[in-house]
Amino acid sequence: MYEDRSLQAFYTLRKLEADQHLNIVLPYNKIKKLPGSRKRVPLDYQQDWWQRVSVAVEISPSYCLKFTASTGSAREEVRNLNSNPVIIQHFIDQISGDDKWTPQLAKTVFELLVPNDFKDAVRNQYNILWKLDKYSAGFPWELLQDSATQSKPLCVNAGMIRQLATADYHTQIKRSYANNALIIGDPALEGYAQQLPGAAEEARKVSDIISGNEFNVTTVINKDFADNLQALFQDEYKMIHLAGHGYFKPEKQDAECEQTIAPEGGMVIG
């Protein structure tokens, strides 16, 4: 009935015709238009864009693969897949380490690594950007296939890009070229801790010294946390001088959750 749907079916048949395993022949290279046919603006959900799939391996409390997939809807789908790492590693070693790749092995690993909800997206040969952590990056996602017969690895029929999710990378520090300086002294703590008149005096003296060296100085003394933070972010500073209470909580071991709690520290601003 609809022209766009007929065209979509025609292109699909053309692809099937090119498959040597199927006996499909199109006698005509065109679409025959009949009375009653309609035109419409196609509003079907399209997957021409690159779908993002994030995979993270959680070791504790149990081994789990956490999948997060972007969709064309106003949601992001999340699924946890509980798998046996020993079994998965056994098949991966056969595929990669022992050079024994077979369609049956690739199909088995596909079933073990991909949640059921996400398998259709892979089978439909959508372009996928895999966002992987250091553990899941060791899995051969490109070599997986959804069928053990008359099929090819995923990377043959669809676009696949890997992206490593890591906190270990070189950061670029943004430099300030303007001669701006910020001086914060003895913030108003409203009884949380004792005020430090000496810190306020220190801030005034430092402000006088820096002002005499061709710096544009912003001085904030005895102000609350809101004023301090607004002053901190209102400009780019080459120099920041803080005078006040410091706070530090060292790293410790939490016996209940058996995890290490990172140290905390900074300046008390309110």
Side-chain angles (χ1 to χ4, degrees), residues 52-61 64 66-68 70 74-76 78 80 129-138 161-270:
R52 292 176 176 266
V53 177
S54 300
V55 187
V57 176
E58 295 183 356
I59 306 298
S60 179
C64 174
K66 185 174 183 179
F67 283 77
T68 304
S70 59
R75 70 175 186 273
E76 193 170 64
V78 179
N80 289 340
L129 190 154
W130 295 90
K131 186 177 178 181
L132 310 170
D133 65 5
K134 64 178 182 179
Y135 298 106
S136 59
I161 295 178
R162 280 173 172 255
Q163 196 173 39
L164 180 65
T166 177
D168 184 16
Y169 63 95
H170 180 69
T171 57
Q172 288 285 88
I173 305 300
K174 185 178 179 182
R175 233 181 121 181
S176 174
Y177 294 95
N179 282 345
N180 296 327
L182 172 65
I183 312 297
I184 296 179
D186 192 24
L189 303 180
E190 300 178 355
Y192 176 79
Q194 184 180 1
Q195 295 298 141
L196 300 174
E201 182 62 23
E202 174 188 327
R204 294 186 186 96
K205 289 185 176 181
V206 171
S207 178
D208 293 339
I209 293 172
I210 297 177
S211 299
N213 286 274
E214 300 181 352
F215 268 79
N216 302 316
V217 181
T218 300
T219 305
V220 184
I221 298 176
N222 295 136
K223 299 294 184 181
D224 63 12
F225 72 94
D227 291 330
N228 292 324
L229 287 177
Q230 289 182 69
L232 179 64
F233 297 120
Q234 75 178 6
D235 210 337
E236 294 182 359
Y237 300 104
K238 185 175 288 187
M239 184 184 301
I240 297 177
H241 184 92
L242 309 175
H245 282 289
Y247 168 81
F248 180 72
K249 188 176 183 181
E251 177 185 288
K252 71 173 184 178
Q253 296 289 331
D254 192 321
E256 293 184 1
C257 61
E258 298 181 352
Q259 291 182 344
T260 300
I261 300 177
E264 300 175 4
M267 181 183 183
V268 181
I269 61 171

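The residues of the chain are indexed from 1 along the displayed sequence. Just so you know, these numbers use all the heavy atoms, side chains as well, and skip hydrogens, waters and symmetry mates. Keep in mind the model is a prediction, meaning the values are calculated, not measured.
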Asker: I'd like to know if the side chain of Ser211 and the backbone of Ser207 have a donor-acceptor N/O pair within less than 3.5 Å.
Answerer: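 Confirmed, Ser211 side chain pairs with Ser207 backbone.
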Asker: Identify the heavy atoms of Ala203 and Gly185 that sit nearest to each other, and give their distance.
Answerer: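 In this case the closest contact between Ala203 and Gly185 is CB-CA, 3.7 Å.
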Asker: With side-chain contact (heavy atoms from CB on, under 4.5 Å) as the test, would you mind laying out the steps for Leu182 and Gln234 before giving the verdict?
Answerer: CA-CA 10 Å; Leu182 172 65; Gln234 75 178 6; over 6 Å; no
Asker: As an exercise, state the distance from CG of Leu164 to CG of Leu132, rounded to the nearest 0.5 Å.
Answerer: 7.5 Å
Asker: Taking atom CD1 of Ile240 and atom CG of Leu232, what is their separation to the nearest 0.5 Å?
Answerer: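 Spacing of CD1 (Ile240) from CG (Leu232) equals 5.5 Å.
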Asker: Does the Asn180 side chain pair with the main chain of Glu236, one donor and one acceptor, at a distance under 3.5 Å?
Answerer: yes
Asker: Say you draw a straight line from CD of Glu264 to CZ of Phe248; how long is it, rounded to the nearest 0.5 Å?
Answerer: 9.5 Å
Asker: With sequence neighbours left out, which residue pairs that include part of residues 207-234 fulfil the salt bridge (Lys or Arg N to Asp or Glu O under 4.0 Å) condition?
Answerer: none
Asker: Please list, chain by chain and in numerical order, all residues satisfying side chain to side chain contact (heavy atoms under 4.5 Å, CB included) with Lys66, sequence neighbours excluded.
Answerer: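 Residues passing side chain to side chain contact (heavy atoms under 4.5 Å, CB included) with Lys66: Glu58, Val78, Asn80.
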Asker: So, taking the atom named NZ in Lys131 and the one named CZ in Phe67, what distance separates them when rounded to the nearest 0.5 Å?
Answerer: 15.0 Å
Asker: Quick one: do Ile210 and Ile183 satisfy side-chain contact (heavy atoms from CB on, under 4.5 Å)? Show the steps, please.
Answerer: CA-CA 10 Å; Ile210 297 177; Ile183 312 297; 3.8 Å; yes
Asker: Do Lys238 and Asn179 come within less than 4.5 Å of each other through their side chains, counting heavy atoms only?
Answerer: yes
Asker: If you count every heavy atom of other residues, nucleotides or ligands that lies below 6.0 Å from Tyr135 atom OH, does the total exceed 12?
Answerer: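 Open: at most 12 neighbouring heavy atoms sit under 6.0 Å from OH of Tyr135.
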Asker: Thinking salt bridges, do Glu202 and Lys205 make one under a 4.0 Å N-O criterion?
Answerer: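 Between Lys205 and Glu202 there is no salt bridge, as every charged N stays at least 4.0 Å from the carboxylate O atoms.
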Asker: Given 3.5 Å as the limit, does a donor-acceptor pair link the side chain of Arg162 with the main chain of Ala137, or not?
Answerer: yes
Asker: Before giving the answer on side-chain contact (heavy atoms from CB on, under 4.5 Å), spell out for Thr219 and Arg204 the whole-Å C-alpha distance, their side-chain angles and the decisive distance to 0.1 Å.
Answerer: CA-CA 8 Å; Thr219 305; Arg204 294 186 186 96; 5.8 Å; no
Asker: Once you round to the nearest 0.5 Å, how far does CD1 of Ile184 lie from CG of Asn228?
Answerer: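 It comes to 4.5 Å.
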Asker: So, using ring-ring contact (aromatic ring centres under 6.0 Å, His included) as the criterion, who are the partners of Tyr237 when residues are at least two apart?
Answerer: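 Testing Tyr237 for ring-ring contact (aromatic ring centres under 6.0 Å, His included), a comparison that skips the adjacent residues, returns none.
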Asker: Identify the two heavy atoms, one from Gly244 and one from Ala199, that lie closest to each other, and give their separation to 0.1 Å.
Answerer: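 What the structure gives for the nearest pair is N-CB, 4.0 Å.
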Asker: Is a side-chain N or O of Asp186 found less than 3.5 angstrom from the main chain of Gly198, in a donor-acceptor match?
Answerer: no
Asker: I'd like to know if the side chain of His245 reaches the main chain of Pro187, judged simply by a donor and an acceptor atom lying under 3.5 Å from each other, with no hydrogens or angles considered.
Answerer: no
Asker: Return the OH to CZ distance between Tyr192 and Phe225, rounded to the nearest 0.5 Å.
Answerer: 13.5 Å
